[in-house]
Amino acid sequence: MIRYAMQQLLEWKNRPNRKPLIIKGARQVGKTWLMREFGRQHFKKVAYVTFYNNKRMARVFDDDYDIDRIIMNINIETKTEVTPGDTLIIFDEIQEAPKAMESLKYFCENAPQYAIVAAGSLLGVAIHKGISYPVGKVDTIDLHPMSYREFLEAMGETQLVALLNRKDYTLISDFSNKYIFWLKNYYYVGGMPEVVSYFSEHKDYVEVRRLQKEIIRQYEADFGKYASGLELARLRMVWNSIPMQLAKENKKFFFGQVKQGARMKDFEAAIQWLMDCGLITKVFKVTSPSVPLTSYIDFSAFKLFTVDIGLLGAMSDLDAVSILEGNDIFREFKGALTEQYVLQQIVSDTPYRPFYYGTDRATFENDFTIQIGKNIVPIEVKAEVSLQSKSLKAYCDKYHPAYAVRISMKDYHQEDWMTNIPLYAVCNM
């Protein structure tokens with residue numbers, strides 16, 4: 001399996017001022033596999049420590065942060081002699097050992113010669129619960145579900161990926177049917193590594209859906225482990241409302257559709273918890289398409305997307321035939337899947353942070369808005385080949401952006417006011 005985050009890890013390894021690295025991401029996105037595979041490929045030895053159900057190793061960090069003593073304990077625990085330069089130390093499920101998290105500060109300050117990578121499934125939640133985070137003393141990367149390009153790699157379609165990377169749209173258009181075939185499969189399978197790995201070998205849609213449902217059950221079981229009473233009920237209400245919220249034409253998150261009469265303050269903590277877990281992405285509205293976009297965030301208006309398009313389909317009980325062949329059920333939901341897909345690719349396969357812009361009367365509503373350098377780029381998402389882009393055209397007529405994007409099933413082409421990018425080429429924005 002190929003994960004593009006491996007390159008980020010390699011760049012970290014070769015950085016002269018390297019700090020301990022924390023990999024953030026939701027449960028089941030492949031953090032443990034990535035750390036161990038990175039160690040296997042790029043180090044002579046790997047010392048893997050998991051703090052899950054491992055109180056003995058957690059206690060090692062309770063008394064003090066003497067690095068020599070800690071390393072001796074790691075040697076015993078992993079049966080590996082840790083030596084600087086050729087050993088990767090892995091701390092997995094580090095949220096279960098608060099003092100181990102704090103020790104990263106001392107590794108950074110007193111023993112930078114050791115290469116340490118850490119991860120935890122509920123790390124964000126644990127930090128908000130009071131675990132001290134070593135601010136300024138660690139490097140971080142975010143790991144997401146597999147992107148569409150990584151999915152193509154897993155399906156053995158390396159030449160299709162190479163074409164995308166070269167941006168050779170003449171040849172890309174010649175193979176559009178293949179890209180669209182795999183795109184529809186990605187809509188169903190999604191990017192959770194276990195699911196993708198199984199599908200690449202067996203092409204069994206029924207088992208894919210069972211695996212997705214099991215991941216969802218694990219997520220929901222985490223709700224009960226870390227929340228109770230009213231907080232737990234609100235977590236479940238927000239989580240279960242996301243498919244319905246995305247199915248609306250106006251995908252702004254409405255609290256009244258979670259519970260009648262609900263207000264933002266009732267569900268702020270639940271939304272933050274889901275964000276800390278990496279289970280949802282919040283896309284804020286901006287009040288002006290101006291640089292920098294972060295200065296114009298309207299914190300009261302946002303869209304919520306789930307972690308993975310395949311899991312969204314599973315939560316909505318969309319069957320494979322509906323997605324792969326299209327029917328009335330899918331036509332009702334295709335906008336939600338398509339916007340989820342585009343959001344997921346922007347987050348995982350581009351360097352941009354997505355927002356959206358719209359007026360109170362929705363005259364210039366954009367599906368997404370990103371900042372590329374000094375340019376504000378409006379993005380309109382179309383599930384099919386429709387060329388109707390009234391909102392985007394109205395926006396361009398008013399603001400005259402240097403670059404505007406429509407993402408659709410149509411082949412790549414440029415007009416004087418807009419560029420159409422195929423859905424399977426979001427990575428090339």
Side-chain angles (χ1 to χ4, degrees), residues 5-6 8-25 27 29-143 225-226 276 278:
M6 189 70 77
Q8 292 177 265
L9 292 178
L10 188 57
E11 290 169 2
W12 167 80
K13 177 180 184 288
N14 296 326
R15 201 175 294 157
N17 58 341
R18 179 187 67 205
K19 302 173 184 176
L21 178 68
I22 293 178
I23 301 177
K24 297 179 178 179
R27 183 189 292 279
V29 295
K31 298 184 297 297
T32 299
W33 178 90
L34 180 65
M35 292 188 295
R36 301 192 80 154
E37 185 66 11
F38 172 59
R40 187 186 69 79
Q41 289 186 22
H42 299 289
F43 288 83
K44 289 183 181 178
K45 294 176 286 185
V46 176
Y48 176 81
V49 176
T50 178
F51 294 101
Y52 180 73
N53 284 340
N54 191 347
K55 292 182 179 180
R56 192 197 72 77
M57 276 306 294
R59 286 195 296 268
V60 166
F61 298 84
D62 284 347
D63 294 332
D64 58 49
Y65 298 113
D66 181 272
I67 299 299
D68 290 337
R69 183 184 61 79
I70 292 171
I71 292 296
M72 182 179 68
N73 276 272
I74 293 173
N75 290 343
I76 296 169
E77 172 75 11
T78 65
K79 298 181 175 62
T80 301
E81 183 183 356
V82 174
T83 50
D86 66 359
T87 306
L88 178 67
I89 300 170
I90 297 174
F91 288 163
D92 206 357
E93 301 295 348
I94 196 171
Q95 81 279 355
E96 301 290 340
K99 294 290 188 179
M101 171 70 79
E102 195 168 325
S103 77
L104 299 181
K105 171 185 176 182
Y106 297 93
F107 274 100
C108 175
E109 293 176 343
N110 304 328
Q113 68 272 24
Y114 291 106
I116 302 179
V117 179
S121 297
L122 295 163
L123 187 54
V125 173
I127 290 168
H128 273 88
K129 287 288 186 181
I131 287 183
S132 177
Y133 188 80
V135 177
K137 304 300 180 180
V138 293
D139 296 319
T140 61
I141 67 168
D142 293 309
L143 187 64
K225 289 179 184 176
Y226 292 87
D276 290 340

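Note that this is a predicted model, so its numbers are computed, not measured. Position 1 is the first residue of the sequence, and the numbers go up from there.
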With a 4.5 Å limit on heavy-atom distance, are the side chains of [X] and [Y] in contact?
{"X": "E93", "Y": "N53", "answer": "no"}
{"X": "K225", "Y": "L122", "answer": "no"}
{"X": "Q8", "Y": "L10", "answer": "no"}
{"X": "M101", "Y": "I22", "answer": "yes"}
{"X": "I90", "Y": "F38", "answer": "no"}
{"X": "V49", "Y": "I89", "answer": "no"}
{"X": "Y114", "Y": "I71", "answer": "yes"}
{"X": "F91", "Y": "I74", "answer": "yes"}

What orientation do Y106 and Y65 show, parallel under 30°, tilted 30 to 60°, or perpendicular over 60°?
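Correct class here is parallel.
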What is the minimum heavy-atom distance between [X] and [Y], and which atoms define it?
{"X": "P20", "Y": "L104", "answer": "CG-O, 3.6 Å"}
{"X": "G39", "Y": "L88", "answer": "CA-CD2, 3.6 Å"}
{"X": "G120", "Y": "K31", "answer": "O-CE, 3.7 Å"}
{"X": "A118", "Y": "I94", "answer": "CB-CD1, 3.8 Å"}

Basic-acidic side-chain contact under 4.0 Å: D139, R15:
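Looking at D139 and R15, the cut-off is met.
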Check against side-chain hydrogen bond (donor to acceptor under 3.5 Å, both in side chains), E77 and N54
CA-CA 10 Å; E77 172 75 11; N54 191 347; 3.1 Å; yes
Please lay out, stage by stage, how N73 and R56 fare under the test side chain to side chain contact (heavy atoms under 4.5 Å, CB included).
CA-CA 10 Å; N73 276 272; R56 192 197 72 77; 3.8 Å; yes
For the atom pair [atom1] ([X]) and [atom2] ([Y]), what is the distance rounded to the nearest 0.5 Å?
{"X": "K137", "Y": "E109", "atom1": "NZ", "atom2": "CD", "answer": "4.0 Å"}
{"X": "K13", "Y": "F43", "atom1": "NZ", "atom2": "CZ", "answer": "5.0 Å"}
{"X": "E96", "Y": "F51", "atom1": "CD", "atom2": "CZ", "answer": "10.5 Å"}
{"X": "L21", "Y": "I141", "atom1": "CG", "atom2": "CD1", "answer": "5.5 Å"}
{"X": "L143", "Y": "I23", "atom1": "CG", "atom2": "CD1", "answer": "6.5 Å"}
{"X": "Y52", "Y": "Q95", "atom1": "OH", "atom2": "CD", "answer": "10.5 Å"}

Pair I67, F107 - check side chain to side chain contact (heavy atoms under 4.5 Å, CB included), show working.
CA-CA 7 Å; I67 299 299; F107 274 100; 3.8 Å; yes
For atom CD of E81, decide whether the heavy atoms of other residues, nucleotides or ligands shown that lie under 6.0 angstrom number more than 12.
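No, the 6.0 Å shell around CD holds no more than 12 heavy atoms from other groups.
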Does K19, at its NZ atom, have more than 12 non-hydrogen atoms belonging to other residues, nucleotides or ligands within less than 6.0 Å?
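Check passes, neighbour count above 12.
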Using the side chain to side chain contact (heavy atoms under 4.5 Å, CB included) rule, take K45 and T83 through it: C-alpha gap first, then chi angles, then the decisive distance, then the call.
CA-CA 9 Å; K45 294 176 286 185; T83 50; 3.0 Å; yes
Under 3.5 Å, side chain of R27 to main-chain N/O of S121, donor-acceptor pair present?
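Such a contact is absent between R27 side chain and S121 backbone.
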Taking K24 for its side chain and L123 for its backbone only, find out whether a donor-acceptor pair lies under 3.5 Å.
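Answer holds: no.
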Side chain to side chain contact (heavy atoms under 4.5 Å, CB included) between D64 and R69: does it pass, once the steps are laid out?
CA-CA 9 Å; D64 58 49; R69 183 184 61 79; 2.9 Å; yes
